[in-house]
Amino acid sequence: LKCAILTLSLLFGEEMVVLIKTIADLHTHTSVSQHAYSSLDEIARSAKEKGFTAVGITDHGPGMMDGAIRHHFYCLKGLPGRVHGLRLVKGAEVNIKDYQGALDLDEEVLGQLDFVIASYHVEAIDPASSKLHTEGWLRVIANPHVDCLGHCGNPVFACDYEAVVRACREYGKIVEINSSSFRVRQGSHESCRRIAELCMDCGVPVLVSSDAHSCYSVGDHNDAIALLESIGFPEELVINGDSGRLERYLDGLRDKG
């Protein structure tokens, strides 16, 4: 298992060791997203080798220039619920298409997916103002088909993070701490730190993810965990930090059948 050790100071100078671990990766891309490089089976096998109990397949929606077609997501229901002993979470990373909260997959498809991440991508929408970015997030958060906000610490789409996190608390949504953002989205560290602090203050759970675009990156959560360690983030708010917690979360999502 991917683990990190967080040391907290307690009364009388004593210390307690808290184990922060990840037992699943719910944000991965297969070669169906053409700028990714591994099959579903390769992604699942890599997750199994990490000792994970679940893996999510969340290819880009059709609003991305090389995203999957609508029919790909419609047919995900035909896949088994478990692969290589792992729970297979059949999902999508949908693109936010405008600042009124429009997404690039329709309700019929979204309603039958296990897990939906919504994200801003420059390939799908032109960056605007912090005010518009915030308005877009707030509309997306209110969408019952969206479960998680993807890499919302991207400074290209800077927003009112406090308003966004408070809306997530109101609507029961989770926030992704995307480990790849620290490498591929320059300037994300400070905004991700601020978001994590707000989630901690508001009691909003986070999803630690790799955003893997190949089997070689599945479970690479090191940078995200290091950030959470640095602020003393509570382990119990890491949604994929415990198998039972994750199973209860996934089972508790709306019936999309």
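Bear in mind that the values here come from a model prediction, so they are computed numbers and not experimental data.
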Practice item. Could you please spell out the steps behind the salt bridge (charged side-chain N to carboxylate O under 4.0 Å, His left out) verdict for R166 and D160? Key: CA-CA 10 Å; R166 291 188 181 282; D160 182 341; over 6 Å; no
Review point. With the 4.5 Å side-chain cut-off for hydrophobic clustering, are I231 and V238 part of the same group?
Key: yes
**Study point:** Main-chain N/O of L79 paired with K90 side-chain donor or acceptor, under 3.5 Å
**Key:** yes
Exercise for review: Report the residues that fulfil ring-ring contact (aromatic ring centres under 6.0 Å, His included) with Y99, sequence neighbours left out, ordered by chain and then residue number.
Suggested key: Y120, H133
**Study point:** Point-to-point distance, once rounded to the nearest 0.5 Å, from NE2 of H151 to CZ of F182
**Key:** 12.5 Å
Point to revise | Heavy-atom pair of closest approach, residues G63 and A124 | key: O-CB, 3.8 Å
Review point. Does one hydrophobic cluster hold both I96 and M64, with members joined at side-chain heavy-atom distances below 4.5 Å?
Key: no
Practice item. Please check if any side-chain donor atom of H221 sits under 3.5 Å from a side-chain acceptor atom of N240, or the reverse. Key: no
Revision key, fill the gap. Rounding to 0.5 Å, atoms CG (L207) and CD1 (I117) come to a distance of 6.5 Å
**Study point:** Distance-only polar pair, side chains of E176 and H27, donor-acceptor under 3.5 Å
**Key:** yes
Review point. What is the distance from atom CG of L88 to atom CG of D114, rounded to the nearest 0.5 Å?
Key: 7.5 Å
Exercise for review: Please assess H29 against Q34 for the test side-chain contact (heavy atoms from CB on, under 4.5 Å), listing each intermediate value before the final yes or no.
Suggested key: CA-CA 9 Å; H29 297 274; Q34 295 174 50; over 6 Å; no
Check your understanding: Atom CD1 in I141, atom CZ in R169: separation rounded to 0.5 Å?
Key -> 12.5 Å
Check your understanding: Are a donor atom and an acceptor atom from the side chains of S188 and R183 found within less than 3.5 Å of each other?
Key -> no
Review point. Are any of the side-chain nitrogens in R45 or E49 under 4.0 Å away from the carboxylate oxygens of its partner?
Key: no
Review point. Under a 4.0 Å N-O cut-off, is there an ion pair linking K131 with E135?
Key: yes
Check your understanding: Can S214 and S38 be said to form a side-chain contact (heavy atoms from CB on, under 4.5 Å), step by step?
Key -> CA-CA 5 Å; S214 78; S38 299; 3.7 Å; yes
Check your understanding: Can a salt bridge be assigned to the pair D41 and K48 using a cut-off of 4.0 Å between side-chain N and carboxylate O?
Key -> no
Point to revise | Interatomic spacing from CD1 in I23 to NZ in K21 - rounded to 0.5 Å | key: 8.0 Å
Exercise for review: Salt-bridge test for K50 and D220: reply yes if a basic N is under 4.0 Å from a carboxylate O, no otherwise.
Suggested key: no
**Study point:** Nearest heavy-atom neighbours spanning L113 and A92
**Key:** CD1-CB, 3.7 Å
Review point. Any side-chain donor paired with an acceptor under 3.5 Å for S209 and D211?
Key: no
Study note, to complete from the structure: Only one of C168, P205, C199 passes side chain to side chain contact (heavy atoms under 4.5 Å, CB included) with I174, and that residue is P205
Point to revise | Check: H60 ring centroid to H72 ring centroid under 6.0 Å | key: no
Revision key, fill the gap. Rounded to the nearest 0.5 angstrom, the CD-CG distance for E247 and D242 is 10.0 Å
